[in-house]
Protein chains: 2
Amino acid sequence: MLSTTEENYLKALLQLTLEQADKAEAGTNELAAQLGVKPATANDMLKKLREKQLINYEKYGKSSLTTEGRKQAIEVVRKHRLWETFLYEHLGFSWDEVHEVAEQLEHIQSSKLIDRLDQFLNYPSFDPHGDVIPSASGEMKIPAKKTLNEEEVGHHCKMVGVKDNSATFLQYVDKVGLRMNQPIKVLSRQPYDELIEIEVNGQKSSVSPRFAENIVIVCNDCELQKNNS
Amino acid sequence: MLSTTEENYLKALLQLTLEQADKAEAGTNELAAQLGVKPATANDMLKKLREKQLINYEKYGKSSLTTEGRKQAIEVVRKHRLWETFLYEHLGFSWDEVHEVAEQLEHIQSSKLIDRLDQFLNYPSFDPHGDVIPSASGEMKIPAKKTLNEEEVGHHCKMVGVKDNSATFLQYVDKVGLRMNQPIKVLSRQPYDELIEIEVNGQKSSVSPRFAENIVIVCNDCELQKNNS
DNA sequence: TATAAAAGTTAGATTAACCTAACAAAAATA
DNA sequence: TATTTTTGTTAGGTTAATCTAACTTTTATA
């Protein structure tokens with residue numbers, strides 16, 4: 001059985017390595033920063049997790065999760081997101097309040113609890129932030145990343161980045177009401193002028209293709225790719 | 001903010017001191033046994049809790065909770081019992097499975113969470129074991145203790161002890177289906193022969209006054225006494 | 001490529017919560 | 001009351017997770 005701290009290290013490593021889909025490894029300092037500890041502390045834990053065969057780590061090298069480590073990390077993420085969903089949907093917590101409490105709840109040890117919670121919530125696929133909830137079998141689907149301009153009408157997505165970093169553009173993004181990671185729905189696409197109508201936080205706006213192709217999104221409804229090779 | 005361990009010591013001390021309503025204090029060994037640690041360990045913690053003004057403790061003396069310590073302990077009990085109620089009523093856990101998981105959940109730090117959970121459960125007064133759930137304001141009512149023979153018709157209670165310890169009596173208790181702490185409902189009292197009809201775990205039985213006066217119970221419906229002087 | 005900067009490691013301390021072993025005080029009993 | 005038993009305490013040690021300070025390796029750059 002893993003300690004809360006060990007679980008947090010595995011989760012942090014999963015999160016860091018998911019961000020850059022190519023390499024799937026992270027450095028000691030990077031990991032320490034993610035967890036809010038000093039590199040020396042993270043270094044000790046990396047050795048310990050290697051002993052337990054949960055990560056691949058070599059002196060002065062980057063770290064990555066083993067199959068078992070990944071499985072454990074995904075389980076923690078699953079718990080976190082199921083609890084977030086419960087807090088949001090049943091206890092009336094807001095979008096931004098759920099995370100902190102879920103950070104504690106994700107470490108409760110009881111497989112029965114989490115299975116029943118999943119059932120109670122009717123096996124949700126996404127948490128209140130629009131992130132994918134891994135299945136009980138440990139499958140974690142990664143939504144396709146593309147630009148808002150490429151998104152299909154009727155689909156739900158969220159902004160995960162921008163391609164244009166100019167102040168003009170960013171101010172415009174702000175004005176339209178777009179926030180990082182906030183759910184967006186694509187309502188329509190006018191055939192006449194190609195304007196894309198979207199809904200963000202209950203508010204409708206229309207944006208140009210020029211604008212949309214600079215917004216990077218992940219789609220929740222598009223063909224999902226499994227990510228546990 | 002208290003650690004999980006500190007909370008457990010306060011809770012154990014509350015539980016031990018509630019049992020004997022007279023003195024409200026417990027010895028070091030007793031407390032250590034309750035928590036499954038060695039007396040030396042408990043001794044260290046007692047000094048620490050005294051420093052924090054949560055308990056009254058003097059070398060070679062018994063320990064008791066201060067007003068603040070009692071408040072904290074009751075809050076832990078409140079969380080424990082609300083979570084038990086949630087697990088039982090909404091996640092389909094059985095009577096005997098809830099405790100272990102609630103032992104973990106009771107240490108989650110979020111007053112909003114517990115208030116919302118209370119609301120979600122519709123402000124319950126009793127947990128699945130029939131124990132009183134302290135209110136948000138920290139009031140913990142102690143049900144009246146009496147014999148089953150004295151219990152009113154229609155009331156809910158639970159067995160907390162017996163007055164006759166003979167094998168014959170105990171075997172009879174067992175046969176009737178009575179178990180310690182299990183909810184009992186008093187259905188009727190026959191005027192003709194004074195037989196008391198009770199329901200335990202969905203099963204109905206009739207018992208004589210002679211039998212009933214040897215069963216010690218606490219009543220959930222009788223006038224409750226506050227216990228936070 | 002030599003050197004400076006960044007990244008990573010090691011050694012030694014600290015704190016919380018636990019332990020064992022030895023000792024001291026209080027309570028029970030012969 | 002003297003002695004034994006029970007109860008409680010102290011001293012010293014362990015483990016997990018953290019830290020700081022000094023050091024080493026790798027990477028970037030002048």
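Numbered from 1 within each chain, the chains take letters A, B, ... in sequence-line order.
- When rounded to the nearest whole Å, the span between CD of E51(B) and C1' of dT15(C) equals 16 Å.
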Practice item. Any chance you could list the contact pattern along nucleotides 15-25 of chain D? Use B for base contacts, S for sugar-phosphate-only contacts and - for none, protein heavy atoms under 4.0 Å, 5' to 3'. Key: -SSBBB---BS

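- Side chains of E97(B) and S94(B): a donor-acceptor N/O pair is present below 3.5 angstrom, by distance only.
- For L31(B) and dC18(C), the CG to P distance is 11 Å, given to the nearest whole Å.
- Judged by distance alone, the side chains of S64(A) and N56(A) do bring a donor and an acceptor atom under 3.5 Å apart.
- The two atoms that bring A212(B) and T147(B) nearest to each other are O-CB, 3.8 Å, heavy atoms only.
- Judged purely by atom type and a 3.5 angstrom limit, Q72(A) has no side-chain atom pairing as donor or acceptor with the backbone of G69(A).
- A donor-acceptor pair shorter than 3.5 Å can be found between the side chains of Y57(B) and N43(B).
- A heavy atom closer than 4.0 Å to some atom of DNA chain C occurs in no member of residues 99-108 of chain A.
- Applying the side chain to side chain donor-acceptor pair (under 3.5 Å) test to E106(B) and every residue at least two apart in sequence or in another chain returns K11(B), H80(B).
- A close approach under 4.0 Å does occur between a side-chain nitrogen or oxygen of N29(B) and OP1 or OP2 of dG8(D).
- Distance NZ (K47(B)) to C1' (dC18(C)): 14 Å, rounded to an integer number of Å.
- Between R50(A) and E58(A), none of the side-chain N atoms (NZ, or NE/NH1/NH2) sits under 4.0 Å from a carboxylate O, so this pair counts as no salt bridge.
- Atom-to-atom, OH of Y57(B) to C1' of dT10(D) comes out at 11 Å; the value is rounded to the nearest Å.
- With a 6.0 Å radius and a threshold of 12 heavy atoms from other residues, nucleotides or ligands, Y88(B) has its OH atom at or below the threshold.
- The interatomic distance linking N43(B) (CG) with dC19(C) (C1') rounds to 14 Å, in whole Å.
- Taking atom CD on E30(A) and atom P on dA7(C), their separation rounds to 9 Å, with Å as the unit.
- Panel note: side chain R81(A), backbone P134(A); no donor-acceptor pair is recorded below 3.5 Å.
- Taking atom CG on L46(A) and atom P on dT9(C), their separation rounds to 7 Å, with Å as the unit.
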